[in-house]
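Right, one structure below, let's go through it.
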Amino acid sequence: MNILNIIQTKVSDALKALYQIDIPAQKLVINVTKKEFDGDYTIVTFPFTKQAKKRPDQIAEELGIFLVDKVEEFTDFNVIKGFLNLSISDSYWKHFLSDILNKKDFGKQGANGKKALVEFSSPNTNKPLHLGHIRNILLGWSTAKILKAAGFDVVRTQIVNDRGIAICKSMLAWQKFGEGKTPESEGMKSDHFVGHWYVNFETHFKEEYSNWQQTDEAKNVLSDKEVKPENVVEFFKKYKNEYFNSFSLLGKEAKQMLLKWEDQDEEVRALWNKMNGWVYDGFEVTYKDLGVEFDLLYYESDTYLLGKSLIQKGLEKEQFFQKDDGSIWMDLEDYKMDPKLVLRSDGTSVYTTQDIGTAHLRYEKHGTENMIYVVADEQNHHFKALFAILEKLGEPYAKGCHHLSYGMVNLPSGRMKSREGTVVDADDLMKEVITEAAKAANEIGALAGLPEEDQKEIFRQIGMAALKFFIIKVNPKKSMIFDPTESVDMQGQTGPYVQNAGVRCRSILRKLGEYDSSNLLDYTEIQAPEKELLQLIHSYPEVIQDAAKDYDPSHIANYCYALAKNFHKFFNSGLYVLKAETEAAKSFRAALTATTLNTLISGMDLLGIEIPERM
RNA sequence: GGCUGCAUAGUUCAAUUGGAUAGAAUAUCAGAUUUCGGCUCUGAGGGUUGGAGGUUCGAGUCCUCCUGUGGUCACCA
């Protein structure tokens, strides 16, 4: 049994025996004792004062005497105010170390029989992936891994937004101005090529718009709307969408293309397939570079009509209501939200319609009672409404839906804006961090002896670790500032710092070779740096549980950093492994090193980060 | 304006979910190594946790108000 559980049960028993207080063991909070005090674990006794009718320090004292007397794992205690600090026997720690020494899956839970589906990435197909997608993808990937480690059967998925007006813009621009060029002919990565035509469309559209502003038609609009001369510029800025829909020739063509697409027009579909194909080829490379993959893909072109029948059924059961114009809504007053449209007056679907349909489909197909949507926090309201609707429809998985909402990634200069060209491209960014890693490694020169191929692989691992760790260590719900210079840092609270700890472990173990681990139980005096490290490793299973419960990979990142830091401290503490004073000390420290390495590998793997052999 | 997040060292982030003197990193300054890898370690300075009240043994954490800031309020996705 885990020492925390032992403490909980024993304290619960003691409270009952001493004061007739009934508190379930699981409800008792056990803290790790702060460094500046003696002891391993701390119990706070203030909460018991009312029922026990005694002073907190008195309770702590009595509890301490009782526990040390009755439980063999507790060797000593001390009391400071209402804090009871318990010391755990060395024997417990040594046996713990010996138990987990060869357990590769230490910290992970066995299958719990539940299924979870994690949806992430879900890009539009009209342009390449950028920094915002990277945060999304890393969060999704890591959350999926963490849930798996916590015992869930996980399905990783994305819904590809492959249809709509945006891709039509890219298609139209290429058709009109592309002169038959291809990614190959231009030597461009194929998703960037498609993105190029999207920008090209916007350029032409802007030109058309500004020319139009000089026409009589535009002047009529201005006088109709009674726009004052000093407000004209401002007005046209806001009028852009309206212009696109009502006057623009390019807009008209793009919309016609969309209609043709919906009518299954062969030529448009062929063009659509060609351009999407380019985008997918490009995405595949980016995903591979990021080290992620999916179990299952959904395409919006397949799912956008889903949900309608569910709405019809719901309407018959009067779960929805219909307005005079034929549009269908759900009342969400009991959730303190405004009514939500689920079907347009012309009978076509909106985003919510297909989300209802897709969720239902997924549940039918996989029986996933937990669905996690990794989507930026600008859609908080949408998901709140969606989950409320699912609940009102009586969908059995509604309670298991969770929106893993994350904040925007901003640059030191402010928000990324595609119109201003400040979007940080995913491929460029990865290239840059790897280059920086190579530069730093070459300065140190530790890899000079290795073949070039091996060096390149290590540079890649280091660069990607820097980038991934920098992003994942931040609590998802907070918006973050991405400083490119800091992201490639290799020192301090970074991925490479953690990797370095692992590489040091590897180096020691490599030099050590075979050793007899059974000796470790003979080690007599565990030193403070050793115990701190061991205690931290001991808490790894709970860290995974917490991260899974909160859907928050940043817990794991912070844990890995703390573990690496503690190992570096141990490494520099004068407690040598290879030159240990006794065989028992050597075995103990070797086992400690091996276990640290194992935990670092496991934890970093949950973040999608590798630990190289050398660096 | 309504709703909803966020606000912690100069900067970037933590804080075991209400517990002890709020911790790391970075930057600055000062130190450590005949030793398992210097992408390491030790130390110093740096804080009225945006402000004001409240709840209680105890508040960065919970409640109220205020200030600042982001998101959202489409028959877009």
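Just so it is clear, the values below take in all heavy atoms, side chains as well, and ignore hydrogens, waters and symmetry mates. All chains are named by letter (A, B, ...) in the order of the sequence lines, taking the proteins before the strands, and each is independently numbered beginning at 1.
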- request: Assess whether atom CG of A/N245 is packed by more than 12 heavy atoms of other residues, nucleotides or ligands within 6.0 Å.
  value: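 Yes, CG of A/N245 has more than 12 neighbouring heavy atoms, counting only those of other groups under 6.0 Å.
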So what does [X] hit on the nucleic acid, given a heavy-atom distance under 4.0 Å: a base, only sugar-phosphate, or nothing?
X      : result
A/P56  : nothing
A/D550 : base
A/V474 : sugar-phosphate
A/D355 : nothing
A/V503 : base
A/K384 : nothing
A/Y576 : base
A/V577 : base
A/N500 : sugar-phosphate
A/I481 : sugar-phosphate
A/Q379 : base
A/T42  : base
A/M337 : nothing

message: Quick check on RNA chain B: between A/V32 and A/Q354, whose nearest nucleotide comes earlier from the 5' end?
response: A/V32
Residue mapping more 5' on RNA chain B - nearest nucleotide basis, A/N380 or A/P496: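 Its nearest nucleotide lies further toward 5', so the answer is A/N380.
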Side-chain N,O ([X]) to OP1/OP2 ([N]) below 4.0 Å:
X      : N     : value
A/K586 : B/C36 : no
A/K565 : B/A25 : yes
A/K477 : B/C6  : yes
A/Y406 : B/G70 : no
A/R415 : B/G71 : yes
A/S507 : B/G37 : yes
A/K34  : B/A20 : yes
A/K336 : B/U4  : no

Separation of [N] [atom2] from [X] [atom1] (nearest whole Å):
X      : N     : atom1 : atom2 : answer
A/Y299 : B/A77 : OH    : P     : 20 Å
A/L575 : B/C36 : CG    : C1'   : 12 Å
A/I609 : B/C39 : CD1   : P     : 20 Å
A/K511 : B/U35 : NZ    : C1'   : 11 Å
A/Y559 : B/A14 : OH    : C1'   : 16 Å
A/F469 : B/A14 : CZ    : P     : 11 Å
A/F46  : B/A20 : CZ    : C1'   : 9 Å
A/K35  : B/A20 : NZ    : P     : 15 Å

Atom [atom1], compared across [N] and [M]: separation rounded to whole Å:
N     : M     : atom1 : answer
B/G2  : B/C66 : P     : 9 Å
B/A59 : B/G18 : P     : 14 Å
B/C63 : B/G1  : C1'   : 24 Å
B/G46 : B/G10 : C1'   : 9 Å
B/A22 : B/G31 : C1'   : 27 Å
B/A27 : B/C36 : C1'   : 31 Å
B/U34 : B/A30 : P     : 23 Å
B/U21 : B/A15 : C1'   : 14 Å

query: Per the side-chain contact (heavy atoms from CB on, under 4.5 Å) rule, which among A/V79, A/L84, A/N78, A/T45 passes with A/E61?
result: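 For A/E61, the side-chain contact (heavy atoms from CB on, under 4.5 Å) test succeeds with only one of A/V79, A/L84, A/N78, A/T45, which is A/V79.
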task: Indicate syn or anti for B/U17, taking the glycosidic torsion and treating anything within 90° of 0 as syn.
output: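 For B/U17, whose glycosidic angle is within 90° of 0, the conformation is syn.
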query: When only distance counts, do a donor and an acceptor, one from the side chain of A/N85 and one from the base of B/A20, lie under 3.5 Å apart?
result: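 Result: at least one qualifying N/O pair found.
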